[in-house]
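Along the sequence shown, residues are numbered consecutively beginning with 1. Start at 1 and go down the list; that is how both ligands and their atoms are numbered. No experiment lies behind these values; they were computed from the predicted model shown.
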Amino acid sequence: MTRNVTVVGAGNMGQGFGVHFTLHGQDVTLVDHREENLEQAADRMGNAVEELREGGLTERSPESVVEAVSTTTDLPAGVADADLVLETVPEDLSIKRDVFSTVAEAAPSDAVLASNTSGIPVTEIAEAVPDAAERVVGCHWWFPPYLLEPVEVVRGEWTSDRTMDRTRAFLEDVDRRPITVERDVPGFVWNRIQNAVVRESVHLLEEDVASVEDINAAVRDGYARRTAVIGPFETMDIAGVDQFRTVAEHLYPHLCNDDTAQDTFDELLESGRTGIESGRGFLEYDESDDEVLRRRDRRLATLGRVFDSFE
Ligand SMILES: NC(=O)C1=CN([C@@H]2O[C@H](COP(=O)(O)OP(=O)(O)OC[C@H]3O[C@@H](n4cnc5c(N)ncnc54)[C@H](O)[C@@H]3O)[C@@H](O)[C@H]2O)C=CC1
Ligand SMILES: O=C(O)[C@@H](O)C(=O)[C@H](O)[C@@H](O)CO
């Protein structure tokens, strides 16, 4: 089913949504408040489609996808005909509330108003638009959205059953696996799990337990690879619930329980180690940020084909 989908925010995620929704038959409008970001988004969308083509995941040309996406810096105009609006501006409650206020006024009165927030409670966003709150829903994707299937559908305090159903139906129409999050807790499901791993990884680094390369490899090539195949609960069932209970009893008292981001984050940022855009973050990169993203996408595309081959 084709819908008019407006994506608000043309950054890392918005670019990916432009690609994914277009490849899945939606009429996409991409909005950003900076024209230059829309121009960069066109380049990044072209790169992503090229990688998907090389991975055999689409026959569409980069040009045909980029041309199909309408772009504008005019938010009210950009949402005027939307069936679904997906907000993906920075993770800042005040910015999101401002966007939702404008969108609720300008979008059709029955449009789904979704946020790709990483973990701000949906209810707190919906408070900005009390008359539209029943149509506000969390719709939280993984990065990159065109290569990772689960998408969290998060019920805020006022989100209606109809909005939850419409959002899940939309996701299934664009070949995504809805993860229903019935309680609007900060971080929802996987960002709580991901950030538990992040917190412990940075802790181990700060405590000089292992190098950043070895911690990265231990998670990527060990824990994440096995978890990718069977998930955490099947892992415990295979090893034996008693085995995991025993180890949990021993280890829980020793796990990191910091309640603020560790100093390492600020130390990296203050030294200009901001991530792939600066060529270095926790790790150092000898390729451009676009090449790092293309390498990630190539590997994810290959992995996706392997997983699709499983019975
Ligand atoms: N980057 C990631 O790995 C993921 C991010 N998210 C969430 O998605 C949201 C966006 O994240 P990114 O794409 O990484 O951010 P980003 O910073 O790459 O992109 C945000 C875009 O929004 C634009 N923007 C800011 N204010 C605006 C406004 N008032 N109207 C229109 N456009 C505006 C900016 O110009 C920028 O292009 C955040 O809430 C983030 O937590 C969710 C999943 C993964
Ligand atoms: O990592 C992802 O793709 C998502 O789970 C996110 O929402 C987060 O923003 C992540 O980038 C940082 O926690």
Open item on the list: Heavy atoms only: which of Gly16, Gly14, Ser118, Ala10 lies closest to atom 40 (C) of ligand 1?
Closed with: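 Residue with the shortest heavy-atom distance to the ligand atom: Ser118.
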Open item on the list: With the threshold set strictly below 4.0 angstrom, can you tell me whether any protein non-hydrogen atom sits that near atom 15 (O) of ligand 1?
Closed with: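 It does not; no protein heavy atom is within 4.0 Å.
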Task: Atoms in ligand 1 with a heavy atom of Glu91 nearer than 4.0 Å - done: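 The atoms of ligand 1 under 4.0 Å from a heavy atom of Glu91 are 38 (C), 39 (O), 40 (C), 41 (O).
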TODO: Output the list of atoms in ligand 1 that are nearer than 4.0 Å to some heavy atom of Thr88, sorted by atom number.
DONE: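 Atoms satisfying the 4.0 Å criterion: 8 (O), 9 (C), 10 (C), 20 (C).
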Task: Atoms of ligand 1 close to Lys96 [distance to a heavy atom under 4.0 angstrom, numbered from 1] - done: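 Counting from 1, the qualifying ligand atoms are 38 (C), 39 (O).
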- [ ] Using a strict 4.0 Å threshold on nitrogen-to-oxygen distance, state whether Glu287 and Arg294 make a salt bridge.
- [x]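 A salt bridge is absent here (no side-chain N lies under 4.0 Å from a carboxylate O).
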Task: Close side-chain approach of Phe233 to Phe244, heavy-atom, < 4.5 Å - done: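 No, side chains not in contact.
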Task: Short N-O contact, Arg168 and Asp165, less than 4.0 angstrom - done: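 So Arg168 pairs with Asp165 through a salt bridge.
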Open item on the list: Quick test: of every protein heavy atom, which one is nearest to atom 32 (N) of ligand 1, and how far off is it to 0.1 Å?
Closed with: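 The answer is His33 N, 3.4 Å.
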TODO: For residues Val103 and Leu113, determine if any side-chain heavy atom of one lies less than 4.5 Å from a side-chain heavy atom of the other.
DONE: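 They are in side-chain contact.
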- [ ] Consider ligand 2: state whether an atom of it lies below 4.0 angstrom from any non-hydrogen atom of His140.
- [x]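 Checking ligand 2 against His140, which is what was asked, there is a heavy-atom contact under 4.0 Å.
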- [ ] Would you tell me which option among Trp190, Phe143, Trp141, Trp142 has the nearest heavy-atom contact to atom 43 (C) of ligand 1?
- [x]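 When every heavy atom of Trp190, Phe143, Trp141, Trp142 is considered, Trp141 comes closest to atom 43 (C) of ligand 1.
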Open item on the list: Which residue in the set Asp83, Asp27, Asp173 passes side-chain hydrogen bond (donor to acceptor under 3.5 Å, both in side chains) when paired with Arg3?
Closed with: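 By the side-chain hydrogen bond (donor to acceptor under 3.5 Å, both in side chains) criterion, Arg3 pairs with just one of Asp83, Asp27, Asp173: Asp173.
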TODO: Number the atoms of ligand 2 from 1 as they appear, then name those within less than 4.0 Å of a heavy atom of Asn195, with their elements.
DONE: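 Here the atoms of ligand 2 in question are 13 (O).
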Open item on the list: Polar contacts were defined as any N/O atom of the residue lying under 3.5 Å from an N/O atom of the ligand; does this apply to Arg34 and ligand 1?
Closed with: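 No, no N or O pair falls under 3.5 Å.
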Task: N/O separation below 3.5 Å, Pro90 to ligand 1 - done: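 Pro90 vs ligand 1: no N/O contact under 3.5 Å.
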Task: Nearest neighbour in protein (non-hydrogen) for atom 36 (C) of ligand 1 - done: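 For atom 36 (C) of ligand 1, the nearest protein heavy atom is Asp32 OD2, 3.5 Å.
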Open item on the list: Quick test: of every protein heavy atom, which one is nearest to atom 18 (O) of ligand 1, and how far off is it to 0.1 Å?
Closed with: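 Residue, atom and distance for the closest contact: Asn12 N, 3.0 Å.
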- [ ] Write out the residue and atom name of the closest protein heavy atom to atom 3 (O) of ligand 2, then the distance separating them to 0.1 Å.
- [x]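 Minimum-distance protein heavy atom for atom 3 (O) of ligand 2 reads Phe143 N, 2.9 Å.
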- [ ] Pick one of side chain, backbone, both or neither for how Asp98 approaches ligand 1, counting any non-hydrogen atom pair under 4.0 Å.
- [x]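 Within the 4.0 Å criterion, Asp98 makes no contact with ligand 1.
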TODO: Could you label the plane-to-plane angle of the Phe282 and Phe265 rings as parallel, tilted or perpendicular, counting under 30° as parallel and over 60° as perpendicular?
DONE: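 Perpendicular.
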TODO: May I ask you to check if ligand 2 and Trp141 share an N or O to N or O distance below 3.5 Å?
DONE: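 Such a contact does not occur with ligand 2.
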Task: Parallel, tilted or perpendicular: rings of Phe21 and Phe17 (30°, 60°) - done: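 Ring orientation of Phe17 relative to Phe21: parallel.
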Open item on the list: Using modelled atom types and a 3.5 Å cut-off, is there a donor and acceptor pairing between side-chain atoms of Thr29 and backbone atoms of Thr6?
Closed with: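 Here the side-chain-to-backbone pair does not exist.
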- [ ] Just need the protein heavy atom nearest to atom 6 (C) of ligand 2, so name the residue and atom and give the distance.
- [x]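 Protein heavy atom at minimum distance: Asn191 ND2, 3.3 Å.
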Task: Electrostatic pair Asp221:Arg226 at N-O distance under 4.0 angstrom - done: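 Not counted as a salt bridge, because no side-chain N and carboxylate O are separated by less than 4.0 Å.
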Task: Identity and separation of the nearest protein heavy atom to atom 19 (O) of ligand 1 - done: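 Among all protein heavy atoms, the one nearest atom 19 (O) of ligand 1 is Gly11 CA, 3.2 Å.
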Task: Any donor-acceptor N/O pair, Thr159 side chain to Val136 backbone, under 3.5 Å - done: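 The answer is yes, because a donor-acceptor pair under 3.5 Å joins these two groups.
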- [ ] Please name the pair of heavy atoms, one in Leu147 and one in Leu57, separated by the smallest distance, quoted to 0.1 Å.
- [x]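 So the minimum-distance heavy-atom pair works out to CD2-CD1, 3.6 Å.
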Task: Nearest option to atom 38 (C) of ligand 1, as decided by whichever heavy atom of Thr117, Asn116, Val89 sits closest - done: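 Comparing heavy atoms across Thr117, Asn116, Val89, the nearest one to atom 38 (C) of ligand 1 lies in Val89.
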Task: Exercise: do Asp92 and Ser94 side chains pair donor with acceptor under 3.5 Å - done: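 Ser94 and Asp92 do have a side-chain donor-acceptor pair below 3.5 Å.
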Task: Tyr285 six-ring centre to Arg295 NZ/CZ under 6.0 Å and within 45° of normal - done: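 Not flagged: Arg295 not positioned over aromatic ring of Tyr285.
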- [ ] May I ask you to identify the nearest protein heavy atom to atom 10 (C) of ligand 2, giving residue, atom name and distance to one decimal place in Å?
- [x]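 Among all protein heavy atoms, the one nearest atom 10 (C) of ligand 2 is Gln194 NE2, 3.7 Å.
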Open item on the list: For the residue pair Ser115 / Glu87, report whether a side-chain donor-acceptor contact shorter than 3.5 Å exists.
Closed with: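 The criterion, which ignores hydrogens and geometry beyond distance, is satisfied for Ser115 and Glu87.
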Open item on the list: So, regarding Trp142 and ligand 2 (criterion: nitrogen or oxygen to nitrogen or oxygen, under 3.5 Å), is there a contact or not?
Closed with: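 No; the residue has no nitrogen or oxygen that sits under 3.5 Å from a nitrogen or oxygen of the ligand.
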- [ ] Considering the heavy atoms of Trp190, write down every atom of ligand 2 situated less than 4.0 Å from one of them.
- [x]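 Answer, ordered by atom number: 5 (O).
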Open item on the list: Suppose I only count heavy atoms of His140 and a 4.0 Å limit; which atoms of ligand 1 are within that range?
Closed with: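 Heavy-atom distances to His140 below 4.0 Å select 42 (C), 43 (C).
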Task: 4.0 Å protein heavy-atom contact status of atom 13 (O) of ligand 2, strictly under - done: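 Protein heavy atoms within 4.0 Å of atom 13 (O) of ligand 2 - there is at least one.
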- [ ] Please confirm whether the backbone N or O of Val189 pairs with a side-chain atom of Glu152, one donor and one acceptor, at under 3.5 Å?
- [x]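 Pair found, side chain donor or acceptor close to backbone of Val189.
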Task: Per-atom contacts, ligand 2 versus Ser118 - under 4.0 Å to a heavy atom - done: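 Heavy-atom distances to Ser118 below 4.0 Å select 6 (C), 7 (O), 8 (C), 9 (O).
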TODO: Tell me which part of Leu148 gets within contact of ligand 2: side chain, backbone, both or neither, using heavy atoms under 4.0 Å.
DONE: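 Leu148 to ligand 2: no contact under 4.0 Å from either part.
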